[in-house]
Enquirer: 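The structure's right below; bear with me while I get my questions together.
Indexing begins at 1, ligand by ligand and atom by atom, following the structure's order.
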Amino acid sequence: MRRVYLDHNATTPLDPRVLEAMLPALRQEHGNPSSIHGFGQRARAIVEDARAEVAALVAAHPTDVVFTGSGTEADNLAVRGVALAAREGRRKIVYAAFEHHAVGNTARALGREGFPVEAVKALPGGQVDLDDLAARVDDRTALVCLMLANNETGVVQPVAEAVALARRHGALVHCDAVQAAGKLPVDFAALGADLLALSAHKIYGPKGVGALVVRRGTKLEPLLRGGAQERNRRAGTENVAGLAGFGAAARLARSQLGADAARLAALRDDLEARLLAIPDAQVNGGAPRVANTTNVSFAGTDAESLLMALDLEGLAVSTGAACAAGAVEPSHVLRAMGLPMARVQASLRFSLGRDTTAEDVALAASVVARAVDRQRAAALARR
Ligand SMILES: Cc1ncc(COP(=O)(O)O)c(C=O)c1O
């Protein structure tokens with residue numbers, strides 16, 4: 001059976017060129033980057049090369065890049081790190097309701113620990129409601145969290161506007177750019193955010209490697225205590241091979257960005273047109289969107305069972321649902337956009353990638369059309 005993978009927002013395959021870049025670090029460079037001797041120095045050089053590449057991907061300065069063990073850790077470090085370093089009287093955390101759980105759950109945990117925390121509404125098209133944001137940000141606000149591209153809808157957020165608003169009140173801004181990097185040009189300085197999270201496995205790099213870009217002078221309490229690695233921002237011996245991969249992935253993402261985005265936009269638009277030809281299909285999320293993502297609801301279906309049926313036919317997609325303690329929690333992103341529960345539970349995310357072909361798109365669309373038909377017919381028969 002031919003398998004089609006349209007779940008690149010969950011994770012991307014390791015690019016073979018990234019694997020090649022990782023192998024020397026795994027095979028012969030076993031030194032600890034903190035060691036003074038030659039073994040250590042060679043490992044240090046790998047880490048610093050990676051830092052320069054990751055910085056270049058987002059037009060940041062290499063010394064601003066703090067490597068972490070995941071995008072999730074980068075988000076946790078940003079949100080908790082700023083909160084714990086905040087002074088009395090400026091402790092409020094404001095975050096968009098559709099942020100990834102790495103941000104949202106960290107903010108809510110801080111709320112339970114006594115920090116004032118507020119969630120900002122989304123507009124029906126999936127962008128943050130800037131009026132609601134303006135109403136919530138005040139002179140007691142320590143941090144505003146707004147992601148650059150949403151992982152479920154691909155909708156790109158008005159981060160520069162949010163930064164301008166936060167600045168008027170002296171608040172810092174954290175931007176989760178995990179789903180934007182490699183899909184959009186990201187310029188840390190132009191964006192104006194103080195903190196920016198990245199993850200290697202979303203850009204054809206290895207899993208378990210991330211980075212937080214931190215503007216110089218930003219007060220941040222570290223999450224991990226130990227050695228002085230990462231300029232005292234993140235203790236722990238660096239994942240040298242993982243970082244070699246992150247650096248190579250960042251270099252490729254930068255050099256291929258334009259070509260990848262143009263090709264993916266054409267494929268995504270083709271897929272979307274084919275899916276919208278299915279009766280009662282609707283796209284969730286408006287412009288602007290990253291090129292590779294479409295989120296579509298098929299009225300009267302159940303996305304969870306649809307996903308399983310598609311998997312049996314070799315097509316991998318996803319729902320925005322999260323599985324917590326055995327119970328499936330419907331997409332908080334689509335809920336935040338005000339979609340009715342029935343539509344949320346009938347929605348699938350398709351995310352294309354560097355390896356996706358026109359044949360994949362055509363096959364995926366016909367497999368989905370058949371599965372939706374079957375499910376609707378079965379539902380009618382049960383009536
Ligand atoms: C927007 C966003 N932020 C953060 C993360 C977490 O990154 P990681 O998987 O590296 O922990 C993800 C991954 O799904 C994501 O999509």
Enquirer: Listed by chain and number, what are the ring-ring contact (aromatic ring centres under 6.0 Å, His included) partners of F115, not counting sequence neighbours?
Expert: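 Expected list: none.
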
Enquirer: Scan R136, R91, R140 and name whichever one has a salt bridge (Lys or Arg N to Asp or Glu O under 4.0 Å) with E118.
Expert: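 Testing each of R136, R91, R140 against E118, the sole residue satisfying salt bridge (Lys or Arg N to Asp or Glu O under 4.0 Å) is R136.
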
Enquirer: Any atoms of ligand 1 less than 4.0 Å from a non-hydrogen atom of N151? List them with their elements.
Expert: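 In order of number, 1 (C), 16 (O).
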
Enquirer: Would R2 and D360 count as a salt bridge (charged side-chain N to carboxylate O under 4.0 Å, His left out) if you check the C-alpha gap in whole Å, the side-chain angles of each, and the deciding distance to 0.1 Å?
Expert: CA-CA 9 Å; R2 173 154 173 198; D360 289 341; 2.5 Å; yes

Enquirer: Under a 4.0 angstrom heavy-atom cut-off, which atoms of ligand 1 come close to Q179?
Expert: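 By the 4.0 Å cutoff, the relevant atoms are 1 (C), 15 (C), 16 (O).
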
Enquirer: Mark up the atoms of ligand 1 that fall under 4.0 Å of a heavy atom belonging to D75, in ascending order.
Expert: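 Answer, ordered by atom number: 3 (N), 4 (C).
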
Enquirer: N/O of H201 under 3.5 Å from N/O of ligand 1, yes or no?
Expert: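 Min N/O separation from ligand 1 is below 3.5 Å for H201.
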
Enquirer: Mark yes or no: R215 above the aromatic ring of F188, with NZ or CZ under 6.0 Å from the six-membered ring centre and no more than 45 degrees from the axis.
Expert: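 Positive - R215 is close enough to the ring of F188 and near enough to its axis.
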
Enquirer: Determine all donor-acceptor pairs shorter than 3.5 Å in which one atom belongs to a side chain in residues 308-317; sequence neighbours excluded.
Expert:
{"residue": "E313", "atom": "OE1", "partner": "R370", "partner atom": "NH2", "Å": "3.3"}
{"residue": "E313", "atom": "OE2", "partner": "R374", "partner atom": "NH2", "Å": "2.8"}

Enquirer: Would you say K121 has more than 12 foreign heavy atoms packed within less than 6.0 Å of its NZ?
Expert: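 Atom NZ in K121 is not crowded, with 12 or fewer foreign heavy atoms closer than 6.0 Å.
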
Enquirer: Tell me the contacting part of T72 for ligand 1: side chain, backbone, both, or neither, using a 4.0 Å heavy-atom threshold, strictly below.
Expert: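 For T72, the contact with ligand 1 is made by both the backbone and the side chain.
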
Enquirer: Tell me, which protein residue and heavy-atom name are nearest atom 3 (N) of ligand 1, and how many Å apart are they?
Expert: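 Result: D176 OD2, 2.6 Å.
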
Enquirer: For atom CD1 of I36, is the number of surrounding heavy atoms from other residues, nucleotides or ligands below 6.0 Å larger than 12?
Expert: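 12 or below, so no.
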
Enquirer: Please compare H101, M147, H100 and report which has the shortest non-hydrogen distance to atom 15 (C) of ligand 1.
Expert: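 The option holding the nearest heavy atom is H100.
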
Enquirer: Decide whether an N or O pair under 3.5 Å exists between G71 and ligand 1.
Expert: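 Such a contact does occur with ligand 1.
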
Enquirer: Which ligand 1 atoms, with their elements, are less than 4.0 angstrom from a heavy-atom of S70?
Expert: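 Here the atoms of ligand 1 in question are 10 (O), 11 (O).
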
Enquirer: K202: heavy atom below 4.0 Å from ligand 1, yes or no?
Expert: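 A heavy atom of K202 does come that close to ligand 1.
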
